[in-house]
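Working notes, beginning with the structure itself.
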Amino acid sequence: MNSPSISQSTQVAIVGGGPSGLLLGQLLARDGIDNVVLERRSREYVLGRIRAGVLEQGTVDLLRGAGVGERMDTEGMVHEGVGLASENRGFRIDFRALIDASVMVYGQTEVTRDLYQARDVIGGETHHEVENLRILDVDGTRPSLEFELDGKTRSLQCDFVAGCDGFHGVSRGTIPTDVLREYERVYPFGWLGVLSQTPPVDDELIYAGHERGFALCSMRRSDLSRYYIQVPLEDRVEQWSDDAFWNELRRRIPAEAAERLVTGPSIEKSIAPLRSYVAEPMHWGRLFLCGDAAHIVPPTGAKGLNLAASDVYYLWQALRRHYHDGDASGLETYSDTALARVWKAERFSWSMTRLLHRFPEQTAFDLRMMRAEMDYLMSSVAAQSALAENYVGLPY
Ligand code: RFL
Ligand code: PHB
């Protein structure tokens, strides 16, 4: 890279303009802490990704507190329970009755759109289609980012770097290999997801375990459904016609839901691999990782976006204490604090995945264990309460 032709400075440089980066930028800006967001893709591309759908109460409160809750509160759907099914037999986990709580069904795409709009209103600086970004000197007192934008090399000096650039970003790789510890489990299947302009099959989500594999019925609005089925890792989207998808979904969900299912053309169809992953520590020098940059969960527990939100909450609080009160202790403990919550969500997402999916290596004994666990869940208030407590989100 040539020496930078344009240089500027900010307090917090945020790498990545997904939900983590935008939410952090919004919370900091409202506290008068200057920040710049650098995003590799165009805004249209970021807003075109169909991802998470379920927001925990803590995420909902944080979004409201950040001044971006208005549309969510009008258009989002409050869910007070969730359906579970095993071999076509369904039952309900009643969040309200069990633990007096709920979740909000509101798409990540909409959350991201609201955050971009809020950033426009406050005039927050955001650069899209930033290329070849490098993070320098995070182990010193004055880090900087170098990157290319509109064909020019630029430099951004800062006090701190927030690595919010997702699993495939560059931030995590800045931590020396002898410091970084990685924990990973890659699952031998993926989720084939379909978005369709049809009314959802039920008022609530249905997570279905079946001998042919897992299925999930979710939604975005009263006229927009999101469905997933477990597929082998080798499958390609092109192999799955809409008809084949609907037929397979119908076979895996409870019979009464299958009868009600309204099908239609898919608006979006994609396959996502499943992975559990944690990088430790989430802090090195003046670099702090948030969200998918530091950890990945399989989507079965609906935890990815919500973990990103809790990381952002801890980092925002720590930066605020640093800038407003001259107290750096929150920055020092950020990694341990965030990881304590991350590991609990990793455990929950892994256990939900194990409970509901078919694994190629499963033995007859493993299948009996799955069935016994499901029977226990169906009949035990204690087991249902534990599931509900984790699903709606553990406290920050
Ligand atoms: P993101 O969303 O990946 O954003 C990172 C951003 O960084 C940019 N970037 C860079 N920018 C500059 N320079 C670079 N070198 C860069 N490298 C990357 C990227 O372009 C991108 O815009 O991470 P973030 O912000 O941490 O947010 C995490 C969430 O997106 C993710 O955890 C969730 O989508 C996971 N997830 C779910 N989470 C939930 O809480 N509830 C759910 O119901 C749920 N369902 C899901 C999901 C993820 C899924 N897929 C496709 C992985 C369902 C699916 C199918
Ligand atoms: C979704 O609506 O995309 C969704 C909902 C719940 C999950 C995963 C994905 O666990």
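Just so you know, ligand 1 is whichever comes first in the structure, and atom 1 is the first atom listed for that ligand. Computed from a predicted structure; not experimentally measured.
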Inset, instruction - Consider ligand 2: state whether an atom of it lies below 4.0 angstrom from any non-hydrogen atom of Trp191. - result: yes

Inset, instruction - Starting from atom 8 (C) of ligand 2, locate the nearest protein heavy atom and write down its residue, its atom name and how far away it is, to 0.1 Å. - result: Pro299 O, 3.4 Å

Legend entry - Close aromatic pair by centroid cut-off 6.0 Å: Tyr116 and His128: yes

Legend entry - Pocket residues of ligand 1, ordered first by chain and then by residue number (heavy-atom cut-off under 4.0 Å): Val15, Gly16, Gly18, Pro19, Ser20, Leu38, Glu39, Arg40, Arg41, Val46, Arg49, Arg51, Ala52, Gly53, Val54, Gln108, Cys164, Asp165, Gly166, Gly169, Val170, Tyr228, Ala272, Gly291, Asp292, Pro299, Ala302, Lys303, Gly304, Leu305, Asn306

Legend entry - Ligand-side contact atoms (ligand 2) for residue partner Val54, heavy atom cut-off under 4.0 Å: 5 (C), 6 (C)

Inset, instruction - Say whether Val105 and ligand 2 are in contact under the criterion: heavy-atom distance to a ligand atom below 4.0 Å. - result: no

Inset, instruction - Return yes if a side-chain donor-acceptor contact under 3.5 Å exists between Asp61 and Tyr396, otherwise no. - result: no

Inset, instruction - Specify the protein heavy atom at minimum distance from atom 9 (C) of ligand 2: its residue, its atom name, and the distance to 0.1 Å. - result: Tyr228 CE1, 3.6 Å

Could you go through residues 369-377 and list every donor-acceptor pair under 3.5 Å that involves a side-chain atom there, pairing it with any protein atom two or more places apart or in another chain?
none

Legend entry - Nitrogen or oxygen atoms of Ser218 and ligand 2 under 3.5 Å apart: yes

Inset, instruction - Check ligand 2 against Leu205 and write out every atom of the ligand that is under 4.0 Å from a heavy-atom position of the residue. - result: 5 (C), 6 (C)

Inset, instruction - Examine the proximity of ligand 2 to Ala302 and report which part, side chain or backbone, both or neither, has a heavy atom under 4.0 Å away. - result: both

Legend entry - Per-atom contacts, ligand 2 versus Arg51 - under 4.0 Å to a heavy atom: 3 (O)

Legend entry - Pi-cation contact, Tyr391 with Lys303 (under 6.0 Å, within 45°): yes

Legend entry - Contact partition for Ile50 relative to ligand 2, non-hydrogen atoms under 4.0 Å: neither

Inset, instruction - First locate atom CG of Asp292, then atom SG of Cys164, and finally report the distance between them rounded to the nearest 0.5 Å. - result: 10.5 Å

Inset, instruction - Classify the side-chain pair Asp159/Tyr323 by whether it contains a donor and acceptor separated by less than 3.5 Å. - result: yes

Legend entry - Structural part of Arg220 in contact with ligand 2, heavy atom criterion under 4.0 angstrom: side chain

Inset, instruction - Please determine, by modelled atom types, if Glu75 and Tyr106 share a side-chain donor-acceptor pair under 3.5 angstrom. - result: no

Inset, instruction - Quick one: do Arg341 and Glu56 satisfy salt bridge (Lys or Arg N to Asp or Glu O under 4.0 Å)? Show the steps, please. - result: CA-CA 14 Å; Arg341 192 168 191 280; Glu56 296 174 350; 2.9 Å; yes

Inset, instruction - For Thr300, counting its heavy atoms only, list the atoms of ligand 2 lying under 4.0 Å from any of them. - result: 10 (O)

For residues 86-93, which side-chain N or O atoms pair as donor and acceptor with protein atoms under 3.5 Å away, sequence neighbours left out?
residue	atom	partner	partner atom	Å
Glu87	OE1	Glu211	N	3.2
Glu87	OE2	Glu211	N	3.0
Glu87	OE2	Arg358	NH2	2.8
Asn88	OD1	His210	NE2	3.2
Asn88	ND2	Arg251	O	3.2
Asn88	ND2	Ile253	O	2.7
Arg92	NE	Glu204	OE1	2.8
Arg92	NE	Glu204	OE2	3.4
Arg92	NH1	Asp94	OD2	3.2
Arg92	NH2	Glu204	OE2	2.8

Legend entry - Mode of Tyr106 contact toward ligand 2 - side chain, backbone, both, neither (heavy atoms, under 4.0 Å): neither

Legend entry - Protein contact of atom 6 (C) of ligand 2 - nearest heavy atom, named by residue and atom, plus distance: Tyr207 OH, 3.2 Å

Legend entry - Aromatic Phe160 / basic Arg286 pairing, under 6.0 angstrom, 45° off normal: yes

Inset, instruction - With Arg354 as the cation and Tyr187 as the aromatic partner, state whether NZ or CZ is under 6.0 Å from the six-membered ring centre and within 45° of the axis. - result: no

Legend entry - Non-neighbouring partners of Leu136 that pass side-chain contact (heavy atoms from CB on, under 4.5 Å), sequence neighbours left out: Arg134, Ser144, Glu146

Inset, instruction - Describe, in one word, how the ring planes of Tyr228 and Trp191 are oriented to each other, choosing from parallel (under 30°), tilted (30 to 60°) and perpendicular (over 60°). - result: tilted

Legend entry - Contact check, Lys303 vs ligand 2, heavy-atom distance below 4.0 Å: no

